[in-house]
Amino acid sequence: MSAQPDVESSSASDAHEGGFRPTFDVSTERGGPNYGKFVGQVREFMDRVRAALPSAELTDELLADLKSMNAKLVDFETDEWTSPSGTRIDLPARGNITLPPYDIVDAGPDGVDATITFTRFNLGGNGAAHGGFVALLFDDLGGMAAALNIEGICRTAYLKIDYRSLTPLNSELAVRCWVDRVEGRKVYVRGTLHEGDRLCAEMDALFIKLKPGQP
Ligand SMILES: CCCCCCCCCCCCCCCC(=O)SCCNC(=O)CCNC(=O)[C@H](O)C(C)(C)COP(=O)(O)OP(=O)(O)OC[C@H]1O[C@@H](n2cnc3c(N)ncnc32)[C@H](O)[C@@H]1OP(=O)(O)O
């Protein structure tokens, strides 16, 4: 990743007391130096599960392995503000396994440029990415573009996606989100997703700047 939003520079005086905070304790260390590889293995596992037809014996074996791994994590649960899955800004999509693993190319008040490669886990049907993952990608990067433009945190009021052509798997795509205009607390954000010159999808979204204390 060559660029990251400057989340650490958000001043403490801007701290939002509600449930969705403009400042959070970002980290490049939580979970240890191999946390990124760990997330990578989790993502690969989800891809392989989506693609596999396991034998009954293998299903039983993996079930036992997974029960054992889940039991190891039980005592390490933490809140959303300190989980490395969401605060590791050095990792694709902040290490957030909920999100498609985008890489930020450039991010600032003028917009956010990122790359994303959808994989088997993101399959919708007949080889194309699921439209919900495209919307998820736009929601997060659109929210980031809004936040960086107004230097405050927003929530999505609406998110409209036009699916212009099939979004492929296993091909690096370019996504761009930028603020079209700001009217008071209303931040109108646009976005595009391309494979090369081909437009796969477009976003038209409204984000609302949260008031102090607003959840
Ligand atoms: C510091 C830098 C950090 C940078 C680094 C950040 C990195 C990290 C990035 C993370 C990025 C995550 C991005 C995910 C963001 C979600 O996914 S949030 C989850 C999905 N969204 C929700 O759950 C929101 C649920 N809805 C709500 O909470 C409330 O309806 C809202 C959206 C906050 C608005 O409520 P409100 O604040 O009471 O505002 P309200 O007075 O109703 O409306 C304000 C204005 O907007 C208009 N409006 C409201 N809703 C709509 C609508 N749906 N359609 C049209 N107009 C509307 C109203 O008409 C009104 O217009 P005016 O009268 O002012 O002209």
Side-chain angles (χ1 to χ4, degrees), residues 1-31 36 39 78-116 122 130-162 175-193 201-215:
M1 214 178 320
S2 59
Q4 284 293 338
D6 188 13
V7 288
E8 280 171 310
S9 68
S10 301
S11 73
S13 62
D14 289 339
H16 184 78
E17 299 303 323
F20 196 52
R21 303 174 189 180
T23 54
F24 52 89
D25 189 13
V26 295
S27 166
T28 58
E29 293 174 2
R30 262 185 224 121
V39 169
T78 188
D79 62 49
E80 66 185 279
W81 314 110
T82 45
S83 165
S85 185
T87 61
R88 277 288 299 257
I89 57 165
D90 55 319
L91 300 177
R94 304 185 297 281
N96 184 345
I97 61 167
T98 310
L99 299 173
Y102 60 72
D103 279 309
I104 300 291
V105 177
D106 195 22
D110 293 336
V112 176
D113 283 287
T115 58
I116 179 68
N122 307 116
H130 196 295
F133 284 113
V134 173
L136 176 58
L137 174 76
F138 274 132
D139 193 19
D140 202 72
L141 292 174
M144 188 185 294
L148 291 169
N149 184 275
I150 65 163
E151 296 186 2
I153 209 73
C154 305
R155 275 202 189 272
T156 322
Y158 69 68
L159 181 79
K160 175 175 176 281
I161 310 294
D162 286 305
V175 55
R176 173 157 175 74
C177 293
W178 69 96
V179 172
D180 184 51
R181 65 189 191 282
V182 179
E183 296 173 5
R185 295 170 57 222
K186 296 187 286 189
V187 187
Y188 293 88
V189 181
R190 306 286 301 276
T192 55
L193 179 69
E202 288 181 286
M203 174 194 69
D204 166 15
L206 173 62
F207 292 84
I208 306 291
K209 181 179 183 178
L210 294 182
K211 293 177 275 195
Q214 192 171 357

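Numbering of ligands and ligand atoms starts at 1, following listing order.
Atoms of ligand 1 lying under 4.0 Å from at least one heavy atom of Leu148, given by number and element, are 4 (C). Ligand 1 places these atoms under 4.0 Å from at least one heavy atom of Asp140: 11 (C), 12 (C). Proximity to Lys186 (heavy-atom distance under 4.0 Å) selects the following atoms of ligand 1: 45 (C), 46 (O), 47 (C), 61 (O), 62 (P), 65 (O).
Within the 4.5 Å cutoff, the side chain of Asp139 has heavy atoms near those of the Phe207 side chain. A 4.5 Å side-chain heavy-atom check between Asn96 and Ser85 finds at least one atom pair inside the cut-off. A heavy-atom distance below 4.5 Å is not found between the side chains of Cys177 and Met144.
Within the 4.0 Å heavy-atom criterion, the part of Ile208 lying near ligand 1 is the side chain and not the backbone. Residue-level proximity to ligand 1 for Gln214 is carried by the side chain, the only part with a heavy atom below 4.0 angstrom.
When only interatomic distances are considered, the shortest N/O to N/O separation between Asp139 and ligand 1 falls below 3.5 Å. Below 3.5 Å of separation, one finds no N or O of Lys211 facing any N or O of ligand 1.
Qualifying salt bridge (Lys or Arg N to Asp or Glu O under 4.0 Å) partners for Asp140, counting only residues two or more places apart in sequence or in other chains: Arg94. When the salt bridge (Lys or Arg N to Asp or Glu O under 4.0 Å) test is applied to Lys186, no partner is found at least two apart in sequence or on another chain.
Across every non-hydrogen atom of Trp81 and Arg30, the tightest pair is O-NH1, 4.1 Å.
Distances from atom 22 (C) of ligand 1 to the heavy atoms of Thr156, Val112, Leu159 show the closest one on Thr156.
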